[in-house]
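A quick write-up on the structure given underneath.
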Amino acid sequence: MKRRKGSRFSDYLQRPENESSDDDVQNDPFPHESLPPYELLALGTSFGRAEESVPLVRPVPEGDRAVVQDVPESRHLHSSNSGAVNVANVSVYDPNAPTKPSSQLQEAEVQDGNSTASRGWDNIPALLPPCQLPETDPLLDDVGNVLDGVDPASEEEVSCSEEEADDDCSDDYLFCDASSDFEHHDDFGSASSRNADDGDEPLYPGSDISFSEAMIAILTFVMCQKLSKECLGQLLGLLKLLLPKNNVLVESCFLFYSYFDKYVSMNHVKHFYCNVCTEALLTQDAVCPTCGSRKRNNFFLNFSITDQLRSLLSKPGFYEKLSYPQNRVKKDANAYEDIYDGNIYKEAQQSFFNVGKWISFMWNTDGFSIFQSSTFSVWPFYLSVNELPPHLRMKKEHMVLGGLWFGTGKFDPNLFLKPIHDELLTLRRGIYFKVHSFNESILFQVAMLCGTCDAPGKSSFFRHIQFNGLFGCMKCLTRGLKSAASGNVFVYPFEEQLPLRSEGTLSRHLNYLKDNPGAKVRFGVKGPSYLHRMLLLSSVRSTSIDIMHCVFLGVQKSMLDLLFGKKYKGAEFSLSSCLNVVNEYLENIKPPHFLQRCPQPLSKLAFWKASEYQSFFFFYSLPIFSTIMDPVYFHHFLNFYQGVYLLCQDSVTAGDIQMSQLLLDNFVKRFQQLYGLRHMTFNLHCLRHLPSVVEELGPLWTSTCFLFEDLNGTLKHLVHGTQHIGLQVQSNFGLVTRLPYLIKACNKETLKNYCLQMYYPVKRLKVTFSIDYLTHVIGIVSKASTLAPVHQQCINRFPGNVSYFKRLKKNSTLFVSMSEKEGKKLSSYVFYNSNGNEYHGILQTFFKVSQCNCTDALCACPTLFYALLLRVNTVKPLQTLSPETVIDSVFQYTVSGNVDVIPVTDLTDTCVQVAFADKQYIVIRPTRQNTQ
């Protein structure tokens, strides 16, 4: 590739895909990879920091170590010759090796088993070698002697007191949780630890609310109500008018946001590029040396991952949460219960994470438009920490932002990913971080392990053909077709044996493109991508298929269109004549509280959210379809349901994966026969790869895009006006991620609770009693009872002082008895344990029994808490036919009349009740990860 003057990255970035030259064959796609580490750092103009704070790097003699001098709290560490690779430890692809024939393809391209061959770039290491450090290393023992005499033990810490807050935050979707579990404060400490110089003085003389707490409350209101700066200015003016004259509240938006800069600012670097050809440029007004364009140039931002990790690790409790992979308790030692049980994490743990502590990332990206009348789009690149517990992993305050791309024209993934790639490669070699409550800095290895996004995003970032082109699948070499038989729509016909891709096939395709300059694509591969290099292990195996886009917004949505759409009214499979019946069924369903949205009728299908498709699939589809669908089509749908359900459980066994593979293969095969070749979509094809995704990355809920999409929506609503959109998003992201810590730093309990109520916009529950850490009595406790006489007789057998209550919260799940006033939600159908057996029942009431003579129902005397239930008899009426397996999640029930009284600790979970005129069903959810 010819060098272009005036370009910051053009020496080592790929030319846009539609350009090529004879010199491209002779040059390495990523020539900087072959440089020693210190030269690599010198070439990279930034690692997410401002230009003036680029790390100072000095080369060291052979066999010694090079230390990247950064701020005292974090120190890069790597071997001086880690840029050179020990070829004995690296698997290199041999272009002369014979390839195996494939009956599916005209050319010889098949899977090479579990090959970890090189990625197809000559003279480039397949993987960075793990950081090998001796047990007694002077650099580890006395880092301060190397880094300007700074001793980690001498660095000051800010100790923060912890405050508890009850965040009862249920989500719209099943696989994620928005409740907050960290009860700690931001870096600046609690309000009481700040002095007047920080603005922590009373808002006005005699006020019990400090200036800083008032500012945090106003910021919370502004962010939650999505106010523009103009509205904020008017709000500040109004507050200034209402407060006493000698108040210290700021009067302008500039002063307001300036106050938070020291808490929420994010180090970033702005990179400019040409609007026409995406050539990297130095300034916004520079003339492009490639195409000569004089238009005002666009830009993208990249953020310091190192600084964001430093901020997270400085927060109380965060470091301890990283021990979750070692401390978790598994239901089945051999089952897949989280990402740590997948092959990718295990291989990384064995071959790479061998020094100190480690942090691994999951990446995600998805472009979104800011304005409906403009093509201007934003592409954020998110990183989430895999080592956090599932309910904390995807929270906004724990998210790392690698970069933001803005623009209306062509998107260049290599240009965007280059700075992120450079910093991640540096973090792989090891870095010291100061951790809260530790006197010494701790060595961390940081790597990007896996990731996912929607199909168009994968195509862009991996430089691959889209799903509507030949060889559009990134998991296999299925060709696909477009012909008159398919209605001139690109489809993926069923194949008995899928020719899977591997790192070996990817290497061959990239080498072919390099050796043949005239070729623009090879089996779907357009060229090398930095995203391939950023992943620690195989990009083919490390990239997940997101269940939200593939199943709920993909296959499930398409099937509902086929079954109830007017376009297919005359088809044999059509259920359009039953549309009104189904709408009536859905309107009568009262979901439990863990489903925030009540079902909408199918007539409003165009307005359904992904969470509503998910709820319909898991809870409503089988009871409804069993009454209206032809048995042939219903048993075909059962294969789809059970195949996906098995992969979404809390604990997925190897047998579940094998059964799921058989069910989904059969579903896809029969789909072509029942619905026609025209509807064999890419998402339908991807169902066959879901079992292998679980083997590599754990249950499907570990890599869902639900929370990432939610974060995109948050960023979108924070943009006001059409000017400086990029800077608006950049500044507001810092506010979104840091705001929870700012709120919890407030000492004023009433103000803190007010802010939390706004930030987590759900009904907060009033806790009356705390039975244990996870179980709480909610609402009113009364001596009065409205039970039926037969139920009252059961309770009268308990000697002592009896009081009644209607709601209980256990493990973040809300149980509500039938004695509660009827509403839109119904959380009275439960399953529970009794005498070692599991039963289903209907909650009638809760009661507590104490041996005191207190007349107050809220007395604090020793008390026992019970639930009275009406047991129901259940059967499992549904099973698949090919292969045969019973559906364990759907029960048909009848009321038995037996009454059980159990301790409230024996309650397991709530269920979804779906009742028709002659049949009643109970459906259990596949995973409770959103409530753990």
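Just so we're clear, the structure is a prediction, and the values are computed from it rather than from any experiment.
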Can a donor-acceptor pair be found between the side chains of His436 and Ser314 at a distance below 3.5 Å?
no

Tell me the closest heavy-atom pair linking Val777 and Ile771, and the distance in Å.
CG2-CD1, 3.9 Å

For residues Leu301 and Leu401, determine if any side-chain heavy atom of one lies less than 4.5 Å from a side-chain heavy atom of the other.
no

Going by the angle between their ring planes, with limits at 30° and 60°, are Phe381 and Phe416 parallel, tilted or perpendicular?
perpendicular

Would you compute the distance between atom CE of Met394 and atom SG of Cys705 and round it to the nearest 0.5 angstrom?
8.0 Å

So CE of Met448 and OG of Ser542: to nearest 0.5 Å the spacing works out to 9.0 Å

Closest heavy-atom pair, Cys755 versus Ala217, reported as atoms and distance to 0.1 Å, is SG-CA, 3.6 Å

Checking Cys453 against Thr543 for the side chain to side chain contact (heavy atoms under 4.5 Å, CB included) test, could you report, in this order, the C-alpha distance in whole Å, the side-chain angles of both residues, the deciding distance, and whether it holds?
CA-CA 9 Å; Cys453 62; Thr543 305; over 6 Å; no

Could you walk me through whether Phe552 and Trp608 pass the ring pair (Phe, Tyr, Trp, His ring centres under 6.0 Å) check?
CA-CA 11 Å; Phe552 306 135; Trp608 279 25; over 10 Å; no

State, yes or no, whether a side-chain contact exists between Ser703 and Ile339 at a heavy-atom distance under 4.5 Å.
no

So, Glu612 and Lys609, do they make that salt bridge, N to O below 4.0 Å?
no

Among His271, Glu423, His268, which residue satisfies the side chain to side chain donor-acceptor pair (under 3.5 Å) criterion with Asn302?
His271

Just to verify, what does Tyr340 make a side-chain hydrogen bond (donor to acceptor under 3.5 Å, both in side chains) with, not counting sequence neighbours?
Arg393

Residues in side chain to side chain contact (heavy atoms under 4.5 Å, CB included) with Tyr754, at least two apart?
Phe221, Met758

Which heavy atom of Lys240 sits nearest to which heavy atom of Leu249, and what is that distance?
NZ-O, 2.6 Å

Indicate whether any N or O donor in one side chain lies under 3.5 Å from an N or O acceptor in the other, for Lys809 and Thr813.
no

What distance do Ser615 atom OG and Tyr613 atom OH have between them, rounded to the nearest 0.5 Å?
12.5 Å

Can you tell me how far apart CD1 (Ile431) and CD1 (Ile442) are? Round to the nearest 0.5 Å.
13.0 Å

Have a look at Asp338 and tell me which of Pro699, Pro390, Pro389 forms a side-chain contact (heavy atoms from CB on, under 4.5 Å) with it.
Pro390

Pairing donors with acceptors under 3.5 angstrom, does anything connect the side chains of Glu387 and Ser360?
yes

Aromatic plane relationship, Phe438 with Tyr319 - under 30° parallel, 30 to 60° tilted, over 60° perpendicular
perpendicular

Walk me through whether Tyr382 and Phe361 qualify under side chain to side chain contact (heavy atoms under 4.5 Å, CB included).
CA-CA 9 Å; Tyr382 300 118; Phe361 286 131; over 6 Å; no

Could you tell me whether the side chain of Ser311 and the main chain of Asp307 form a donor-acceptor pair under 3.5 Å?
no

Which atom of Val904 lies closest to which atom of Leu808, heavy atoms considered
CB-CD2, 3.7 Å

Greater than 12 external heavy atoms within 6.0 Å of Glu320's CD:
yes

When you compare the side chain of Leu742 with that of Phe260, does any pair of heavy atoms fall below 4.5 Å?
yes

Would you please name every residue forming a salt bridge (Lys or Arg N to Asp or Glu O under 4.0 Å) with Lys357, sequence neighbours left out?
none

Any chance you could measure Thr927, atom OG1, to Asp650, atom CG, to the nearest 0.5 Å?
3.5 Å

Would you call Ile216 and Lys752 a side-chain contact if the rule is heavy atoms closer than 4.5 Å?
no

Minimal non-hydrogen separation, Cys253 against Leu236, with atom names:
N-CD1, 4.2 Å

With sequence neighbours excluded, residues passing side-chain hydrogen bond (donor to acceptor under 3.5 Å, both in side chains) with Asp341:
Arg328, Lys330

Is the distance between the ring centroids of Phe708 and Trp363 under 6.0 Å?
no

Short side-chain to backbone donor-acceptor contact, Ser210 and Glu213, under 3.5 Å:
yes

The criterion is ring-ring contact (aromatic ring centres under 6.0 Å, His included); which residues satisfy it with Phe444, sequence neighbours excluded?
Phe433

Between Ile218 and Phe256, is the side chain to side chain contact (heavy atoms under 4.5 Å, CB included) condition met? List the steps.
CA-CA 9 Å; Ile218 296 173; Phe256 180 82; 3.7 Å; yes

How about Thr452 and Ser544: does a side-chain donor come under 3.5 Å of a side-chain acceptor?
no

Going through the checks in order, is the side chain to side chain contact (heavy atoms under 4.5 Å, CB included) test met by Leu697 and Leu449?
CA-CA 10 Å; Leu697 299 172; Leu449 194 62; over 6 Å; no

Set of residues satisfying salt bridge (Lys or Arg N to Asp or Glu O under 4.0 Å) with respect to Lys396, sequence neighbours excluded:
Asp710

Aromatic ring pairing His398/Tyr741, orientation class (parallel under 30°, perpendicular over 60°, tilted between):
tilted

Under 3.5 Å, side chain of Thr768 to main-chain N/O of Gly779, donor-acceptor pair present?
yes

Under 6.0 Å from the ring centre and within 45 degrees of the ring axis: does the NZ or CZ of Arg925 meet both conditions for the six-membered ring of Phe594?
yes

Lys825 and Cys598 have their tightest heavy-atom pair at CE-SG, 3.9 Å

Note, Leu417 side chain near Met534 side chain (heavy atom, < 4.5 Å):
yes

Distance alone, cut at 3.5 Å: any donor-acceptor contact between the side chains of Thr775 and Asp772?
yes

Is a donor from one side chain sitting under 3.5 angstrom from an acceptor on the other, for Thr306 and Ser304?
no

Are side-chain heavy atoms of Val385 and Leu322 found at a separation under 4.5 Å?
yes

Side-chain contact, heavy-atom cut-off 4.5 Å: Leu388 with Lys395?
no

Does the ring of Phe815 carry Lys810 above it, NZ/CZ under 6.0 angstrom from centre and within 45° of its axis?
no

Is the shortest side-chain heavy-atom distance between Val378 and Trp405 below 4.5 Å?
no

Hey, could you give me the CE/OG1 distance between Met215 and Thr220, rounded to the nearest 0.5 Å?
11.5 Å

Would you say Glu201's side chain and Phe211's backbone share a donor-acceptor pair under 3.5 angstrom?
no

